[in-house]
Amino acid sequence: MSSDFQMTHRPRRLRRSPVLRNLVAENRVHADQLVMPHFCLNQDSASEPIASMPGITRYGRRQLVEAVGRDLELGIKSVLLFGLAGADEKDPSGTSSGSEEGAVPLAVAALKAEFGSDLNVMTDVCLCAYTDHGHCGVVEDGVVRNDPSLELLAKMALAHAEAGADVVAPSDMMDGRVDAIRDELDEGGFEDIAIMSYTVKYASAYYGPFRDAADSAPSSDASVPKDRKTYQMDARNRWEARREVVLDESEGADILMVKPGLAYLDVVAEVERMTDLPVAVYNVSGEYSMVKAAAERGWVDEAAVVSENLHAFARAGADILITYHAREALQGGWL
Ligand code: PBG
Ligand code: ZN
């Protein structure tokens with residue numbers, strides 16, 4: 001290169017200092033966008049660490065209220081609740097999913113009594129923690145049946161709304177469930193309660209630690225399907241995600257979710273381009289546990305990797321980030 005060569009364009013000019021980089025940063029992640037998931041035991045007091053998800057604990061109601069109170073101080077204003085059912089609460093149809101005395105309605109009531117409208121309480125709506133075979137719908141003759149599951153899901157959503165949930169989040173992937181839940185909520189006088197639909201949910205191996213935590217893995221019994229591939233989406237598909245978006249929008253979903261997150265950022269971007277609704281992404285259990293495992297071994301810098309992952313979701317177009325890292329990310333100032 002000759003010495004009189006003059007380069008006009010130098011992208012590095014804007015990378016010279018942290019202040020300059022922050023000035024021109026295209027995306028930021030704020031605490032208001034974060035949702036912390038919680039596993040709720042149907043007990044007044046209990047605390048069970050989850051081995052495959054270091055840092056995450058199954059809580060009884062007292063411990064849940066304490067943890068959520070501490071998280072609120074950090075700025076986490078939204079939670080997503082998953083119910084855990086004892087063996088005595090499980091049956092083939094997951095009937096106890098609609099009980100007012102279930103883990104979720106009682107947890108919602110406890111949180112609302114303590115924090116009122118300062119806290120946005122979202123609840124997962126699905127049968128798998130309540131069915132003895134672990135599927136997200138009713139099984140008949142070895143098949144997960146769609147339409148008979150809708151009524152149970154709608155009843156479950158209604159029980160959550162009656163307990164005070166602000167948003168219900170169906171994760172079952174039965175066709176037509178947003179419509180069924182919207183009808184049931186409206187008939188019950190809950191037309192103001194929003195639905196965050198797991199619109200684009202793939203049949204993913206990244207849910208492994210969650211199924212361990214929620215005791216919701218499909219049973220190995222030969223009379224039921226061995227996996228969720230007849231209702232959750234095929235990881236190879238992108239156009240199919242667009243069809244799910246069209247359906248959930250037409251059925252009245254208020255927020256569209258993509259799940260898992262990291263291996264599906266192209267899908268997050270696709271959904272964000274298609275819809276005017278808020279887009280949520282679920283940074284699922286396996287994604288969390290992989291970061292944790294590598295960080296524990298000193299193989300990656302946890303703070304930097306978590307910040308990179310959460311900003312990648314924002315860059316892809318997600319407005320709402322559901323992540324088990326939420327608490328530590330804010331505590332550590334990782335963002
Ligand atoms: C239940 C449900 C699952 C997750 C959220 N809701 C598991 C599954 O579908 O098997 C996964 C969450 C995670 O892995 O963190 N339908
Ligand atoms: Zn399920």
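For the numbers below, each heavy atom of this structure counts, side chains included, while hydrogens, waters and symmetry mates do not. All ligand and atom numbering here is 1-based and tracks the order in the structure.
Side chain of Asn146 to main chain of Asp175: a donor-acceptor pair is present (N/O by atom type, distance under 3.5 Å, no hydrogens or angles).
Among all non-hydrogen protein atoms, the one lying nearest atom 10 (O) of ligand 1 is Arg211 NE, 2.6 Å. Scanning all protein heavy atoms for the shortest distance to atom 15 (O) of ligand 1 gives Tyr324 OH, 2.6 Å. Protein heavy atom closest to atom 14 (O) of ligand 1, with residue, atom name and distance, is Ser285 OG, 2.7 Å.
Other residues, nucleotides and ligands place more than 12 heavy atoms under 6.0 Å from the CD atom of Gln331. The number of heavy atoms from other shown groups lying within 6.0 Å of CG (Asp276) does not exceed 12. Within 6.0 Å of atom CD in Glu26, 12 or fewer heavy atoms from other residues, nucleotides or ligands are found, so the atom counts as exposed in its surroundings. Within a 6.0 Å radius of CD in Glu240, other residues, nucleotides and ligands contribute more than 12 heavy atoms.
The shortest separation from a heavy atom of Glu287 to ligand 1 is not under 4.0 Å, leaving the residue out of contact. Ligand 1 lies out of reach of Asp172, whose nearest heavy atom is not under 4.0 Å from it. Ligand 1 is approached by Tyr282 to a heavy-atom distance shorter than 4.0 Å. Not a single heavy atom of Met173 lies less than 4.0 angstrom from ligand 1.
Taking 4.0 Å as the cut-off between side-chain N and carboxylate O, Lys292 and Glu296 do not count as a salt-bridged pair. Using a 4.0 Å cut-off between a side-chain N of Lys or Arg and a carboxylate O of Asp or Glu, Arg177 and Asp172 qualify as a salt bridge. In summary, Glu184 and Lys155 engage in a salt bridge, as defined by a charged side-chain N under 4.0 Å from a carboxylate O.
The backbone and the side chain of Ser171 each have at least one atom closer than 4.0 Å to an atom of ligand 1 (non-hydrogen atoms only).
A 4.5 Å side-chain heavy-atom check between Pro37 and Tyr282 finds at least one atom pair inside the cut-off. Within the 4.5 Å cutoff, side-chain heavy atoms of Arg182 are placed close to those of Asp254.
Interface of Asp124 with ligand 1, defined as ligand atoms under 4.0 Å from a residue heavy atom, comprises 6 (N). Within ligand 1, the atoms closer than 4.0 Å to a non-hydrogen atom of Lys201 are 1 (C), 2 (C), 3 (C), 6 (N), 8 (C), 9 (O), 16 (N), numbered from 1 in the order shown. The ligand atoms of ligand 1 that sit less than 4.0 angstrom from a heavy atom of Cys128 are 1 (C), 16 (N). Ligand-side atoms of ligand 1 in range of Cys126: 16 (N), range being under 4.0 angstrom from any heavy atom.
Under 2.8 Å from the Zn ion (ligand 2), one finds the following protein N/O/S atoms: Cys126 SG, Cys128 SG, Cys136 SG.
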Residue pair Thr275, Glu249: steps toward the side chain to side chain donor-acceptor pair (under 3.5 Å) verdict: CA-CA 8 Å; Thr275 189; Glu249 282 193 326; 2.4 Å; yes
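For the residues Phe82, Tyr231, Phe210, the heavy atom positioned nearest atom 7 (C) of ligand 1 is part of Phe210. With Arg228, Lys259, Gln232 as candidates, the residue nearest to atom 5 (C) of ligand 1 on a non-hydrogen basis is Lys259.
A cation-pi contact links Lys201 to Tyr207, judged by a cut-off of 6.0 Å to the six-membered ring centre and 45° from its axis.
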